[in-house]
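One structure below.
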Amino acid sequence: MRVFKDKLALSAFLSDKSKVGFVPTMGALHNGHVSLIKLSVNQCQVTVCSIFVNPAQFNDKNDLLNYPRTTEKDLTLLEEAGCDVVFIPEVEEIYPPNLSMQNYDFGAIEKVMEGEHRPGHFNGMANVVQRLFDIVKPNLAFFGEKDFQQLCVVKQLVKLLDLPITIVPGAIIREDDGLAMSSRNMLLTSLERTQASGIYNTLLQIKNRSNTSNPQELLDFAVENLKKYPLIKPEYIQFAYADNLENLTVLDKSRSVMLFIAVKLGKVRLIDNMLIYE
Ligand code: AMP
């Protein structure tokens, strides 16, 4: 496995490769990331993973400061997963002082849920993804459904810039108790970690009841159910159509509907989602 810090050296190395798969990450890797690497290894000639904690997508300074960094362990996991190339740039490598930030218009999909609760987050994420795409020039890029709205914004970015890149989604990988794997999970106290299973429990209970009630009744039930896990402070829980992330007040079974949740447990913010029906 080759490790690059320098973007020009990485671009030169990749320039004669034919089917490049790319998995952008912020490190502190877990099996969710590994699943994306394996998807790429199975489909591509060369798999590139980037590890870059992108300051531009953090709207909360403390979240950035506390974000876990476990580079040595990450490299071992990547090697075991069959990754070919790792890119670990410094901030100046991605954001040289002479390059200004782009302002994108992604329309309605960036104005709801994470877009509404984390101002500037998607614009910052899209800036780094565009720069990384420009350096790696992948044929395929892999993004997890755990960050479903991010996946939608990245697809929109590719359309907007007319890039020849196929965006491939990866299913959510969960712990044994259902908690979606996340780098931030390691910041939970043991009590918070135990109660964090309430996120998945609530999504699953709603899915199991989705044939019987209207959306507001289901959401009221969700809020009640979350009270069994008093350390969980819900930020939002809502249904949205999978294709445009539009909020819905009636469960329209002719369209794919998802349930999205964001919560805080102590200082840690976690998100999750579930397909309610296709
Ligand atoms: P991050 O390091 O959190 O920026 O995530 C890097 C990529 O891994 C993103 O495409 C995430 O959606 C994806 N990812 C993170 N957690 C999971 C998970 N539990 N299952 C599947 N993909 C994930």
Side-chain angles (χ1 to χ4, degrees), residues 21-43 47-60 63-64 66-71 73-75 77-78 81 83 86-89 94 113-114 118 121-133 136 138 140-158 165-188 193 196-197 199-200 203-204 242 245 258 260-263 268-275:
F22 180 41
V23 181
T25 81
M26 299 205 296
L29 301 183
H30 49 67
N31 280 338
H33 300 111
V34 168
S35 71
L36 296 176
I37 298 289
K38 289 188 172 165
L39 278 181
S40 174
V41 167
N42 284 335
Q43 296 179 48
T47 292
V48 182
C49 175
S50 62
I51 297 178
F52 181 66
V53 181
N54 173 33
Q57 74 188 69
F58 283 80
N59 55 313
D60 174 348
D63 188 22
L64 174 61
N66 295 329
Y67 201 83
R69 292 161 203 253
T70 59
T71 311
K73 190 173 153 249
D74 293 351
L75 292 175
L77 271 181
L78 289 172
C83 185
V86 190
F87 181 41
I88 315 184
I94 300 296
M113 299 190 289
E114 292 305 280
R118 300 184 69 188
H121 168 66
F122 286 126
N123 205 66
M125 181 278 293
N127 265 274
V128 80
V129 168
Q130 183 178 354
R131 286 166 198 221
L132 291 169
F133 280 175
V136 175
L140 280 73
F142 298 80
F143 288 83
E145 289 178 338
K146 150 91 165 35
D147 302 283
F148 191 86
Q149 195 173 2
Q150 168 174 281
L151 177 64
C152 297
V153 172
V154 171
K155 283 182 184 165
Q156 191 98 337
L157 177 74
V158 165
I165 302 173
T166 304
I167 302 301
V168 184
I172 301 178
I173 305 299
R174 299 180 180 281
E175 302 285 358
D176 288 345
D177 65 356
L179 176 65
M181 290 192 180
S182 164
S183 305
R184 290 184 175 88
N185 290 352
M186 67 176 79
L187 302 173
L188 297 169
R193 172 64 192 84
S197 64
I199 303 168
Y200 178 69
L203 294 179
L204 202 57
L245 301 185
M258 300 184 64
F260 294 87
I261 186 168
V263 306
V268 183
R269 188 174 182 281
L270 299 176
I271 59 171
D272 200 349
N273 67 76
M274 189 174 281
L275 183 65

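Residues: numbered from 1 along the sequence shown. Counting convention: from 1, in listed order, for ligands and their atoms alike.
- Residues M113 and L245 are in side-chain contact: their nearest non-hydrogen atoms beyond the backbone lie under 4.5 Å apart.
- Close N/O approach between M181 and ligand 1 is found [any backbone or side-chain N/O within under 3.5 Å].
- Heavy-atom contacts of P24 reach the following atoms of ligand 1: 6 (C), 7 (C) (cutoff under 4.0 Å).
- Interface of D147 with ligand 1, defined as ligand atoms under 4.0 Å from a residue heavy atom, comprises 11 (C), 12 (O).
- Looking only at side-chain heavy atoms (C-beta outward), H30 and M186 stay at 4.5 Å or farther from each other.
- Not one N or O on the side chain of R184 forms a donor-acceptor pair closer than 3.5 Å with the backbone of V268.
- Counting only heavy atoms from C-beta outward, the side chains of S183 and H33 approach each other to under 4.5 Å.
- For atom 3 (O) of ligand 1, the nearest protein heavy atom (residue, atom name, distance) is Y67 OH, 3.9 Å.
- Listed by number with element, the atoms of ligand 1 under 4.0 angstrom from any heavy atom of A171 are 20 (N), 21 (C).
- With a 4.5 Å cut-off on side-chain heavy atoms, P169 and F148 do not count as touching.
- A distance of 9.5 Å separates OG1 of T25 from CG of L36, quoted to the nearest 0.5 Å.
- Checked against a 3.5 angstrom limit, the closest N/O atoms of I173 and ligand 1 fall inside it.
- Looking at atom 23 (C) of ligand 1, its nearest protein heavy atom turns out to be K146 CB, 4.0 Å.
- Here L36 has side-chain heavy atoms under 4.0 Å from ligand 1, and that is the only part of it that gets that close.
- The option with the heavy atom closest to atom 5 (O) of ligand 1, from among E145, M26, H33, R184, is H33.
- Taking every heavy atom of G144 and a limit of under 4.0 angstrom, the matching atoms of ligand 1 come to 9 (C), 10 (O), 11 (C), 12 (O), 13 (C), 22 (N).
- Using a 4.5 Å heavy-atom threshold, the side chains of L29 and V34 count as separate.
- Side chains of V53 and L64 form a contact here, defined as non-hydrogen atoms less than 4.5 Å apart.
- The ligand atoms of ligand 1 that sit less than 4.0 angstrom from a heavy atom of I172 are 20 (N), 21 (C).
- Residue F143 approaches ligand 1 through these ligand atoms, each under 4.0 Å from one of its heavy atoms: 10 (O).
- Ligand-side atoms of ligand 1 in range of H30: 15 (C), 16 (N), 17 (C), range being under 4.0 angstrom from any heavy atom.
- Shortest non-hydrogen contact noted between M26 and I51 is C-CG2, 4.3 Å.
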